[in-house]
Amino acid sequence: MVPPLRKIDRLIWEIPKTYKPCMKVPARIFADESLIEKMKTDSTLEQAANVACLPGVYKYSIALPDAHQGYGFPVGGVAAVDSNQGTISPGGIGYDINCGVRVLRTDLTENEVRPRLRELVNTIFELAPAGVGETGKLHLPVSELNKVLDEGVDWAIRNGYGWTDDKEYIEQNGSWDFADSSKVSQRAKERGKDEIGTIGSGNHFIEIQVVDKIFNPDVAKVFGIEKEGQVLVMIHSGSRGLGHQVATDYIKVAESKMRQWGLYLPDRELAALPLTAREAQDYLHAMAAAANYAWTNRHLLMHWVRESFKRVFGRDPDKLGMRIIYDVAHNIAKFEEHVVDDEGHRAKVWVHRKGATRAFPAGREEIPKVYRGIGQPVLIPGSMGTGSYILVGFEKSMQLTFGTAPHGAGRQMSRSAAVRSLPPSKVKAALESRGIIIRSAESEIISEEAPEAYKNVDVVAEVSDALGLAKKVVRMRPIGVVKG
DNA sequence: ATGTAC
């Protein structure tokens, strides 16, 4: 059963709030015909309607062009709730808290990297472990892990991982002082203390990419991207088992207390905490701590990437110009001020972004100084065989999506269907015939993550651009892939 | 996504 859809504009659809008695606002879907057809094949639209039932939700529940079914919320879902009247739903942030993407630039070109590519991929694979439950080079006592949770990348930099000015190029400078490690369970800490500095599994990866096309040379130059053929490195990872455990812990709290709070929502997976309750504040402090862990995790992975380039090319990473372009969080809730109605009233809101990238336009103070004049970089990874994009946040996002753009291509085939129909050897051979080298911890992942299993990232980027959420700057193609 | 089902 598909919810009723009203077409508002070429790329904007609405599920009216009359669809369900509990809906407080409509749901809006930003997509072209092909993307909306795919959303009809799973529960994406139903979930978007359910999200519109959250207390304190403003304007409309949002599904972005890459939206697909998730836990409670769609992945590619956005909801802004009033900071007093609203509820926070851990399922609207996701199990992988502060899953995100970081991109590094280099001075190297494809021609310089090609001869050493296999060695480079193997070195990264060795230094940055991948796979479910895989542990890393660091084994932190809980007392030290607490510092990671409270400080984020400051901890890493103080301990010799990364450079001081790396912080300038990370969303929120890679550190959230709202974090409180005492709100993270011992069990979460046990899971997190040996996994830090590892890639994980599923769609997580480290990729060597080549600049394929530059759409906006002026903005690209500010990002340190000068020419086609230039080599970049993309890191996609999150908070590993620690963030997963934080989500699990607080979903359990929400489920057990909702009835006594008088909170009834149409899907058990939407379990939510009233923002005025202590339990909600505890979750937010723990979420921020898990976010610090994820930023630190990507920072350590980046450190091993720089080390790998140093080993393979025999030159210092700073001599290779390996600075961060940007690091985005795409599974997180943020406290922001937004226009919340048609009359232009502003309010402080908690914005749930699940599989969704903040895309603030030029001028917002949350954007690091270096990019404040052009807008926030938006990093959209595609599949390992196609391409990835860098866009820049644009004004319409504030009006349409609470300053948000998509986060990826989105799956179009289930993992099990991909494993059944796409043998890893074939996928690998097809990639290698196109000059893409892949190393994976587990062969099944190669099937699950095959390019055919994903939607077309070009369409997602194009729809974002056409809507004015974020403008295309650069397209990259992969040449080396390390996966879980 | 995830010590892939306490």
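So that the names make sense, note that chain A is the first sequence line, chain B the second, and so on, each numbered from 1. From a predicted model like this one, the values you see are computed outputs, not experimental measurements.
Here the nucleotide nearest the side chain of A:His204, chosen from B:dT4, B:dC6, B:dT2, is B:dT2.
In this entry the distance linking CD1 of A:Ile251 with P of B:dC6 reads 14 Å, nearest Å. The distance from atom CD of A:Glu444 to atom C1' of B:dT2 is 15 Å, rounded to the nearest whole Å. For the pair A:Glu255 CD and B:dC6 C1', the interatomic distance rounds to 15 Å; values are reported in whole Å. To the nearest angstrom, C1' of B:dT2 lies 16 Å from CD1 of A:Ile199. Summarising the geometry, the separation between CD1 on A:Ile445 and P on B:dT2 is reported as 9 Å, rounded to the nearest angstrom. One atom, CD of A:Glu195, and another, C1' of B:dT2, lie 9 Å apart when rounded to the nearest Å. Taking atom CG of A:Asp96 as the reference point, atom P of B:dT2 lies 6 Å away to the nearest angstrom. Atom CD in A:Glu134 sits roughly 14 Å away from atom C1' in B:dT2 (whole-Å rounding).
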* To do: Start with the C-alpha gap between A:Tyr95 and A:His244, add the side-chain angles, then the distance that decides, and say whether ring-ring contact (aromatic ring centres under 6.0 Å, His included) holds.
  => CA-CA 5 Å; A:Tyr95 276 97; A:His244 193 277; 4.7 Å; yes

* Would you sort out whether A:Val103 and A:Tyr326 count as a side chain to side chain contact (heavy atoms under 4.5 Å, CB included), showing the intermediate values? => CA-CA 6 Å; A:Val103 176; A:Tyr326 201 61; over 6 Å; no

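For the salt bridge (charged side-chain N to carboxylate O under 4.0 Å, His left out) test, residues two or more places apart in sequence or in another chain that qualify with A:Glu366 are A:Arg364. Applying the side-chain hydrogen bond (donor to acceptor under 3.5 Å, both in side chains) criterion to A:Asn122, with sequence neighbours excluded, gives A:Arg439.
You'll find the side chain of A:Lys147 stays beyond 4.5 Å of the side chain of A:Asp154, heavy atoms only. Annotation: side chain of A:Met302 is in contact with side chain of A:Ile235 (closest heavy-atom distance under 4.5 Å).
Residue contacts for A:Ser201: at a heavy-atom cut-off of 4.0 Å it reaches the sugar-phosphate backbone alone, with no base atom in range. Residue contacts for A:Arg415: at a heavy-atom cut-off of 4.0 Å it reaches the sugar-phosphate backbone alone, with no base atom in range.
Ring orientation note: the planes of A:Phe335 and A:Trp350 are tilted relative to one another, at an angle of 30° to 60°.
Residues from residues 232-246 of chain A that place a heavy atom under 4.0 Å from any atom of DNA chain B, listed by number: A:Arg240, A:Gly241, A:His244.
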